[in-house]
Every structure is written in C-alpha cells, then in structure tokens.
Protein chains: 2
Amino acid sequence: MKAVSGILLMADLASILQQHNLRKTKFRIELLQLFSETTSSLTAEEIKKRVGKTNDKVTIYRALDAFEKSGLIHKVPDKSNLTRYAMCHTNCSAHAHIDNHAHFICTECNETFCMDEIEVPKMKQHGDFQIKTSNLTLEGNCPKCI
Amino acid sequence: MKAVSGILLMADLASILQQHNLRKTKFRIELLQLFSETTSSLTAEEIKKRVGKTNDKVTIYRALDAFEKSGLIHKVPDKSNLTRYAMCHTNCSAHAHIDNHAHFICTECNETFCMDEIEVPKMKQHGDFQIKTSNLTLEGNCPKCI
DNA sequence: TAATAAACGCAACTCAGTTGCTTTAATGTG
DNA sequence: CACATTAAAGCAACTGAGTTGCGTTTATTA
Ligand SMILES: [Mn+2]
Ligand SMILES: [Mn+2]
Ligand SMILES: [Zn+2]
Ligand SMILES: [Zn+2]
C-alpha cells in the first residue's frame, strides 16, 4: 500500500479504501479525506461536526472501528476519556500495525499530535516484567497554543 | 510527610490523612490501607468490591478525588477507559505532585504498575512544540501473567 | 440485472462518572 | 462535655460516550 499522508485526491481516497477491503461509500471517502487533512487527531464528536451530512453516531463509530482494524488509523492517547484517532503515516495494514512514535498532547486545546520523528525508547525486560511495546506521550503546548 | 509505601499501621494511616487535611473516617482509612497494600493500581469498581462495607460509589469517587488532590494517589494509564489510581511512592502534596516514573500495563490482567526505577526520558522542545511533561507507558506481561 | 454482503440508520441500552441536595459524623472551641 | 462548624457520606436522578440489535439501503460481484 502507498503511504497516506498529506492531502489526497478523491481517486486516491477511493483506491485506498479498496485496498483495505472497505467499500467506497460517500461517508467513508469523506472521513478518510478528513483524516488525511488533519495534522492532529479526531474524536467521533469532532468528526460528526465536520462531516457534511449529519451521519448517525453509530455509523461513525463503526467506520472508525473498520478503519482501525484495517490499519488506516490508530488510537492516540487522550486526557479526557475520549477515543481519539489519527491517520497512520507509516504503511499499516490489518496484519502489521506499526505506530512506533511518540505522541504529543496539548494541555491547552487537548489535541493529540503524532510525533513521527521522535522514537520511543525500547526495552524488553525489567525485573520480572516482560515488555512488549512502549509508548511515549509528551505534554505541553502545541504551536497554535504557545 | 513521610514516604507512603508498603503496608502501614492504622496509626500511620490516620496521621497521613490528618497531614493531608483529610478527616479520618472509617472508609478513608480503609481506602488508604487498601492503596498501601496493593502493588499495582485500583479502579473505583475494584475498591467497591474489596472494601468491607458497601459504600456508595459517589463516596468512593469523591474520596479518590480528594486523595488525588492532596497528593496521596495519582492516576495511572489504563487501556479500558477506566480511571485507575495508584499510591504515590514519592512524597507528593497538593502543591507538588511528582510522578516521574514509567508505568507498566499488563495486557493479560489489565493491571497497571508503577515502575519507580525506570526514568522517563525528558525533553523540552521539539520543533514548535513546547514539552512540559513526558510519560512512558510500557505494555506486556506482569510477573503473575507470564 | 439479480444475489450478496457490507454499510447505514434508528431505537433502545449500558455503564463509568457526575450533580444536587439532604443527612451524618469528625473536628475544634469554649 | 456541649455546641457550632464543616467535611464526608448517602441517595436519587442525571449525563454522555460508546454499544447492541435489527431492519433497510447501497456497493460490489457474478
Ligand atoms: Mn500516532
Ligand atoms: Mn505511578
Ligand atoms: Zn494546542
Ligand atoms: Zn498481569
């Protein structure tokens, strides 16, 4: 699959859905475009506000599940018990989901940003604890909120 | 304030509450003891099950808020959208809340452990992002679940 | 174009956490 | 100890994100 970052053309969006075994419905194309445009992350509620036709929230939740399972988006940490998603910038699929970078949460606007350049320190073991994955979350002020 | 780790005597528990401007009620003493005994973390629901008298959930939530504000406990990351707390092992207060260590989530039992020994990598800036705090969360299997 | 299965839409539900308000009990003072 | 004060407890009703079931629509495929 090709990398999905930056703004994409309609044709790209449709073919990305196809490549992930998702049907190219009006809503899902719009949703994928929304994710490709945003530099930070989205909640179900934010999506509902920004999408043209007011879709049912169930449709949004199920689309998010489907996108996540097929490796198009991934959950990002969030302070307020909301589920936030961001587009996978690396090439992920249902079988190999790579999200090996730090995340930044702005304490002002509560947005979460993927910091693709900052690598997460890896360790395998600590005492009797077997470590499989590591997550690094940074907090502070984003460029907008400084 | 003295360090609060390991099992504490009733007298200690009461005086710790006092030092944090909290009243020494039966329930709060029991709650503090529960936290001092557990090596991992607790949710409101887990507390409800383990505490002797079946207290109202509102009482539990308000006690958790009060304990957190006064620096006795701190939130720990949790996968399942639940709010988990663990006892502060360092000396925290309402004014200075230090929680400068990694956290480990067991993917098997969903428990969260404070890894006091693992330090979190610190950085101040990245591009236009101003970083104030960093959190390192590790996932894998805890000693019980290996 | 017809069959099929995915996606959508609606209603009802779940469940952690919250809010308002009254009652109980811990604390401090005389 | 007796009383006033105020934190904490208790109860009921509510909130809001996310879920489940099921019937309908629409994209895909043959
Ligand atoms: Mn990310
Ligand atoms: Mn901790
Ligand atoms: Zn911001
Ligand atoms: Zn475990």
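Because only heavy atoms are used, hydrogens play no part in the values below, and waters and symmetry mates are left out as well, while side chains stay in. Proteins come first, then strands; the chains are lettered A, B, ... in the order of their sequence lines, and each starts at number 1.
To the nearest angstrom, C1' of C/dG17 lies 12 Å from NZ of B/Lys48. Rounded to whole Å, atom P of C/dA7 lies 16 Å from atom CD1 of A/Ile60. In this structure, the NE2 atom of A/His20 is 17 Å from the C1' atom of C/dA6, given to the nearest Å. As rounded to whole Å, 15 Å separates atom C1' of C/dA7 from atom CD of A/Glu30. In this entry the distance linking CZ of A/Phe67 with C1' of C/dA6 reads 13 Å, nearest Å. In this structure, the CD1 atom of B/Ile29 is 12 Å from the P atom of D/dA8, given to the nearest Å. Distance CG (B/Asp65) to P (C/dA16): 16 Å, rounded to an integer number of Å. Between B/Tyr61 atom OH and D/dA8 atom P there is a gap of 19 Å when expressed in whole angstrom units.
For A/Asp56, the side chain to side chain contact (heavy atoms under 4.5 Å, CB included) partners two or more places apart in sequence, or in a different chain, are A/Val58, A/Thr59. A search for side chain to side chain contact (heavy atoms under 4.5 Å, CB included) contacts involving A/Ala86 returns A/Ser41, A/His74, A/Val76, A/Cys114, not counting sequence neighbours. Every residue meeting the side chain to side chain contact (heavy atoms under 4.5 Å, CB included) condition with A/Glu108, not counting sequence neighbours, appears here in chain and number order: A/Cys106, A/Asn141, A/Cys145. Not counting sequence neighbours, the partners of A/Glu139 by the side-chain hydrogen bond (donor to acceptor under 3.5 Å, both in side chains) test are A/Lys79, B/Asn135. With sequence neighbours excluded, no residue forms a ring-ring contact (aromatic ring centres under 6.0 Å, His included) with B/Phe35. Residues that satisfy the ring-ring contact (aromatic ring centres under 6.0 Å, His included) test with A/Phe104, not counting sequence neighbours, are B/Phe129. Residues meeting the side chain to side chain contact (heavy atoms under 4.5 Å, CB included) test with A/Thr43, sequence neighbours left out: A/Glu45, A/Glu46, A/Leu82, A/Arg84.
Considering CD of B/Gln18 and CG of B/Leu13, their distance stands at 12.5 Å, rounded to 0.5 Å. Rounding to the nearest 0.5 angstrom, the gap separating the NE2 atom in B/His126 from the CG atom in A/Leu138 is 9.0 Å. Separation of atoms CG (A/Asn81) and CG (B/Asn81) is listed at 5.5 Å; rounding is to 0.5 Å.
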Got a list of side-chain donor-acceptor pairs under 3.5 Å for residues 21-29 of chain B, not counting sequence neighbours?
from, atom 1, to, atom 2, distance (Å)
B/Thr25, OG1, B/Arg28, N, 3.2

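At a non-hydrogen distance threshold of 4.0 Å, nothing from residues 38-47 of chain A comes into contact with DNA chain C.
Comparing A/Phe27 and B/Leu82, the nucleotide of DNA chain C nearest to each residue sits closer to the 5' end for A/Phe27. The residue among B/Thr83 and A/Asn21 whose nearest nucleotide of DNA chain C lies closer to the 5′ end is A/Asn21.
Counting heavy atoms of neighbouring residues, nucleotides and ligands inside a 6.0 Å radius, atom NZ of B/Lys124 does not exceed 12 of them.
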With 3.5 Å as the limit, what N/O pairs link the protein to nucleotides 9-15 of chain C?
from, atom 1, to, atom 2, distance (Å)
C/dG9, OP1, A/Lys53, NZ, 2.2
C/dG9, OP2, A/Asn55, ND2, 3.0
C/dG9, OP2, A/Thr59, OG1, 3.3
C/dG9, O6, A/Arg62, NH2, 2.2

What N/O pairs connect the protein and nucleotides 28-30 of chain D at under 3.5 Å? Give each pair on its own line.
from, atom 1, to, atom 2, distance (Å)
D/dT28, OP1, A/Lys24, N, 3.4

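Tracing side-chain contacts under 4.5 Å through hydrophobic residues (I, L, V, M, F, W, Y), one never reaches A/Leu72 starting from A/Phe113; they form parts of separate clusters.
Note on the helix from C/dT1-D/dA30 to C/dG30-D/dC1: angle between the axes of the first and last five pairs equals 30°, rounded to 10 degrees.
At least one side-chain nitrogen or oxygen of B/Arg28 sits closer than 4.0 Å to the OP1 or OP2 atom of D/dA9.
Counting all heavy atoms, side chain and backbone alike, B/Ser70 lies closest to B/His20 at O-CD2, 2.7 Å.
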